[in-house]
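Take a look at the structure below.
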Amino acid sequence: MEVREKPYRDRLEGVLAPAMATAFQRLFDHELDASKLSFQSTRPEFEGDVTINVFPFLKVSGKGPEPTATVLGEFLQEHLSVVERFNVVKGFLNLVITDQYWLEFMQEAASTDILQFPANGNKVMVEYSSPNTNKPLHLGHMRNIFLGHSVSRILESTGHEVIRTQVVNDRGIHICKSMVAWQRFGNGETPKSSGIKGDKLVGKYYVEFDKAYKREIELLVAKGITKETADKEAPIMQEAQAMLLKWEANDPEVRTLWEKMNGWVYDGFNATYERMGVAFDKLYYESQTYVLGKEDILKGLEKGVFYKKDGAVWVDNTPEGLDEKVLLRSDGTSVYMTQDVGTAIQRFQEFPGLSKLIYTVGNEQDYHFKVLFLILKKLGFPWADELHHLSYGMVDLPSGKMKSREGTVVDADELIEEVVQEARKTGEELSKLDDFSEAERTELFEMIGLAALKYYLLKVDPKKRMLFDPAASIDLHGHTGPFIQYTYARTRSLLRKAGPDATNSVSLEQGNGTLLPEERAVIKLLHQFPGVLDAAATGLDPASLANHTYELVKTYNGFYQNVPVLKEEDPAKRAMRLTLSKAVASSTKKAMWCLGIEVPERM
RNA sequence: GGUCCCGUAGCUCAGCUGGAUAGAGCACCUGCCUUCUAAGCUGGUGGUCGUUGGUUCGAAUCCAACCGGGAUCACCA
């Protein structure tokens with residue numbers, strides 16, 4: 001059997017699997033088919049820690065389920081010191097792992113960061129957020145941003161070097177609309193003069209544009225012009241289109257206004273990002289990247305990867321089960337796909353050694369990315385296989401889909417303020433914070449509110465469409481971020497009271513059978529944590545990490561409620577339980593860091 | 001119409017490389033604060049895992065068809 005490539009997957013399996021291979025040689029004179037070997041946690045109603053299912057091996061053993069499991073169990077018990085004893089139920093071999101093993105692992109988890117893997121030399125770029133500059137960030141962006149940010153952290157924890165990036169969609173007809181409306185109706189209003197946050201102000205004029213546009217269409221239709229014609233001929237729309245042309249022609253006046261209004265938006269975005277606790281290492285602006293890709297497409301045309309039809313350049317993806325797609329219009333201009341091709345190429349040139357590029361973009365663009373990756377593969381770039389679309393589902397509201405046109409979007413700033421206020425309300429009611437200064441309270445409530453929101457959005461499988469329930473998102477009880485924070489604060493409280501040396505006298509020499517079920521359950525979840533992190537990194541899935549963290553702290557709460565720690569008189573047991581609390585504290589803190597969530601010392 | 005995704009408790013979600021009696025949270029009912037933080041813990045109610053077939057020792061999990069919901073398929077971005 002080969003050495004496992006992923007030592008973090010599960011350490012026990014790393015010991016058990018080779019022993020199983022040896023057992024197969026000796027007992028059955030057969031190679032073990034490792035793909036059929038599966039380990040699972042023993043169900044709580046049976047005795048044991050790890051369960052091996054022997055059904056797949058009955059042909060090889062030539063025996064029934066029970067005898068097969070029994071001989072394997074005897075072999076493992078005899079050859080592995082970590083196997084204390086075993087029992088067999090039907091085809092299930094339940095192994096009891098020694099307390100010694102669990103205690104040693106606990107000690108390690110308390111003294112080292114089990115959720116930090118060594119650097120592996122891989123450089124990964126993660127793109128997320130990527131907003132338009134004509135309106136403020138909303139709930140949809142929040143899922144995107146928290147996801148991308150969390151994935152970045154998870155990748156860092158598993159040893160990758162991460163470059164966080166966003167493409168700011170700063171050009172195009174949408175921003176021209178805001179600009180035209182501001183010119184017409186703004187009377188020189190600025191964020192400073194109005195006290196309105198920059199992105200909100202520009203968003204306001206985007207809405208003003210739409211209103212004026214609709215009025216003009218109505219007027220034209222009233223004059224007997226068809227709706228279709230009116231859509232095109234409304235003066236304000238023509239003005240916006242003229243402005244876009246001027247922008248492209250580098251008209252100084254338009255460019256100045258554009259820079260001014262985009263500047264307002266960036267100030268607004270940055271304030272929101274800062275409150276969210278996210279940041280980027282590298283920004284791309286579409287005003288600079290939209291010209292990219294044209295030459296790459298032409299090169300592809302020369303190589304015969306693409307073809308010309310009616311003056312336009314096409315790619316034929318029908319052999320791959322997709323469609324044909326235009327890459328350059330017959331007038332030679334680019335489409336959206338063109339610049340995405342060019343941008344990807346540029347990034348790999350700019351960052352030599354970049355091994356992976358992850359796009360955090362909604363699943364409505366699944367097809368787009370399929371085509372993009374395929375085109376880059378056809379162009380022969382070896383890194384084309386390392387492109388990933390982190391595709392996430394839309395966020396629905398109880399009232400249905402979010403639509404910016406219909407004003408049903410949930411504004412990011414408002415939502416954050418709401419959850420923070422809710423945290424404040426609850427926090428003040430519980431009145432545990434009498435000695436906190438106002439500044440400390442504010443910081444704490446900010447932390448708790450954001451935890452509620454981030455955890456709420458991250459605990460659901462990213463791939464799935466999810467429902468945003470406002471009441472549930474500000475809930476601080478149950479399966480929530482604040483619940484996890486609360487448990488962390490409990491562990492910190494214990495450790496503070498115990499003093500700095502409290503965990504020093506922990507003894508690993510305790511006899512087997514002394515570990516309580518509550519203690520063992522917590523340690524086992526800690527033991528699984530590195531494997532969960534590894535899987536989360538591989539699957540770009542913060543939800544699995546979020547759910548495991550919840551399971552851990554929930555189990556710890558059961559321990560806390562039923563087993564004395566500080567009040568335990570036996571110094572060895574007391575030290576052990578404090579060490580366990582320390583391990584839970586540090587792992588929980590790190591896991592929450594991976595989710596982009598901070599944890600408080602007290603709450 | 002083609003392609004892709006999703007249907008699990010009243011609601012929101014886990015579980016899905018096939019394994020033992022399908023799990024949480026919310027909601028509802030029930031106990032536990034003179035004791036380490038009750039933002040907690042305990043017990044209970046609640047399921048044809050969309051439907052039907054197939055694969056097999058074994059299917060919520062894999063395959064097919066169907067039903068229901070969504071996305072996407074522009075010389076748009």
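Labels below follow one simple rule: chain letters A, B, ... track the order of the sequence lines, proteins then strands, and each chain is numbered from 1.
Here G68(B) sits opposite C6(B) as a Watson-Crick or G-U wobble pair (both hydrogen-bonding atom distances under 3.5 Å). Across all strands shown, G1(B) forms a Watson-Crick or G-U wobble pair with C73(B), both key distances being under 3.5 Å. In a base pair of the Watson-Crick type (N1 to N3 plus N6-O4 or O6-N4) or a G-U wobble (N1-O2 and O6-N3), with each distance short of 3.5 Å, C62(B) is matched with G54(B).
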Can you give me the N/O atom pairs linking the protein to nucleotides 38-41 of chain B at distances under 3.5 Å, or say none if there are none?
unit_1	atom_1	unit_2	atom_2	d
A38(B)	OP2	R490(A)	NH2	2.6
A39(B)	OP1	K432(A)	NZ	2.4
A39(B)	O3'	H477(A)	ND1	3.3
G40(B)	OP1	G478(A)	N	3.1
G40(B)	OP2	H477(A)	ND1	2.8
G40(B)	O2'	R490(A)	NH1	2.9
G40(B)	O2'	R490(A)	NH2	3.4
G40(B)	O2'	Q561(A)	NE2	2.9
G40(B)	N2	Q561(A)	OE1	3.2
C41(B)	O4'	Q561(A)	NE2	3.3

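Taking for each of F55(A) and G311(A) the nucleotide of RNA chain B with the nearest heavy atom, the 5'-most of the two is the partner of F55(A). Residue order along RNA chain B, read from the 5' end via each residue's closest nucleotide, puts F46(A) first among S330(A) and F46(A).
Atom C1' of nucleotide G15(B) and atom CD of Q528(A) are separated by 13 Å, given to the nearest angstrom. The CZ-P distance, from F369(A) to A77(B), rounds to 15 Å in whole Å. Between the P atom of C5(B) and the CG atom of D396(A) lies a distance of 19 Å, rounded to the nearest Å. Atom CG in D541(A) sits roughly 11 Å away from atom P in C16(B) (whole-Å rounding). In this structure, CG of N53(A) is placed 14 Å from P of G58(B), rounded to the nearest angstrom. E429(A) places its CD atom 21 Å from the P atom of U37(B), with the value rounded to the nearest Å. Across the protein-nucleic acid pair, E568(A) atom CD and U35(B) atom P stand 19 Å apart, rounded to whole Å. Separating the CD atom of E286(A) from the C1' atom of A77(B) is a distance of 8 Å, rounded to the nearest angstrom.
In textbook terms, a nucleotide whose glycosidic angle is within 90° of 0 is syn, while C28(B), being further out, is anti.
For the pair R143(A) and Y392(A), the cation-pi test (distance below 6.0 Å, angle within 45°) is failed.
Here A77(B) is the nucleotide among A77(B), A20(B), C36(B) with the atom lying nearest to any side-chain atom of Q365(A). Checking A14(B), C36(B), A20(B) against every side-chain atom of T51(A), the shortest atom distance belongs to A20(B). When distances are taken from the side chain of K497(A) to each of U12(B), U37(B), A71(B), the shortest belongs to U37(B). Side chain of D475(A), nearest nucleotide from A20(B), U12(B), C26(B): C26(B). Checked against U37(B), C75(B), U21(B), the side chain of A489(A) finds its nearest nucleotide in U37(B). Residue Y550(A) has its side chain nearest to A24(B) when only A24(B), A14(B), C36(B) are considered. Among the nucleotides G19(B), U3(B), C26(B), the one closest to the side chain of K370(A) is U3(B). When each of A20(B), A14(B), G70(B) is scored by its nearest atom to the side-chain atoms of E45(A), the top-ranked nucleotide is A20(B). Distance from the side chain of R43(A) is smallest to A20(B) among A20(B), C4(B), G7(B). Between A20(B), U37(B), C75(B), one nucleotide has an atom nearer to the side chain of A312(A) than all others, and that is C75(B).
Applying the side chain to side chain donor-acceptor pair (under 3.5 Å) criterion to K325(A), with sequence neighbours excluded, gives no partner residue.
A distance of 5.0 Å separates OG1 in T579(A) from CE in M106(A), rounded to the nearest 0.5 Å. Between atom CD of residue E428(A) and atom CG of residue L430(A) there is a gap of 10.0 Å, rounded to the nearest 0.5 Å. Rounding to the nearest 0.5 angstrom, the gap separating the NZ atom in K177(A) from the CE atom in M243(A) is 13.5 Å.
Using P as the reference atom, A9(B) and U52(B) are 16 Å apart when rounded to the nearest Å. Comparing A71(B) with U56(B), their C1' atoms sit 35 Å apart, to the nearest whole Å. Spacing between A38(B) and C32(B) at atom P, rounded to whole Å, works out to 16 Å. On the C1' atoms, G7(B) is 10 Å away from C49(B), given to the nearest whole Å. Between U37(B) and U48(B), the distance separating the two C1' atoms is 45 Å to the nearest Å. Distance check on atom C1': A22(B) versus A14(B) gives 11 Å, rounded to whole Å. Nucleotides A64(B) and G70(B) place their C1' atoms 22 Å apart, quoted to the nearest Å. When the P atom is used for both C4(B) and C63(B), the distance is 12 Å, rounded to whole Å.
Among the protein residues, V563(A) comes within range of the nucleic acid bases, having at least one heavy atom under 4.0 Å from a base atom. Within the 4.0 angstrom heavy-atom criterion, base atoms lie near P564(A). Looking at heavy-atom distances under 4.0 Å, V565(A) makes contact with a base. Within the 4.0 angstrom heavy-atom criterion, base atoms lie near D310(A). Y367(A) comes within 4.0 angstrom of sugar-phosphate atoms only, judged by non-hydrogen atoms across all strands, and of no base. Residue-level contact check: N94(A) touches the bases, meaning some heavy atom is under 4.0 Å from a base atom.
The phosphate of C76(B) has OP1 or OP2 within less than 4.0 Å of a side-chain N or O from R329(A). Using a 4.0 Å cut-off, no side-chain N or O of K36(A) falls inside it from OP1 or OP2 of G18(B).
Ring pair F468(A)/Y456(A) is perpendicular by interplanar angle, where above 60° counts as perpendicular and below 30° as parallel.
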*Would you sort out whether F373(A) and H388(A) count as a ring pair (Phe, Tyr, Trp, His ring centres under 6.0 Å), showing the intermediate values?*
CA-CA 9 Å; F373(A) 298 164; H388(A) 296 272; 7.8 Å; no
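Shown here for N87(A) and E47(A), the closest heavy-atom pair between the two residues is ND2-O, 2.8 Å. Shown here for L444(A) and R602(A), the closest heavy-atom pair between the two residues is CD1-O, 3.5 Å. Listed here is the closest heavy atom pair of Y359(A) and A344(A): OH-CB, 3.6 Å.
Evaluation of atom-type donor-acceptor distances gives no pair under 3.5 Å for the side chain of S493(A) against the base of C36(B).
Contact check on E66(A) versus K90(A) returns no salt bridge, with no Lys/Arg side-chain nitrogen under 4.0 Å from an Asp/Glu carboxylate oxygen.
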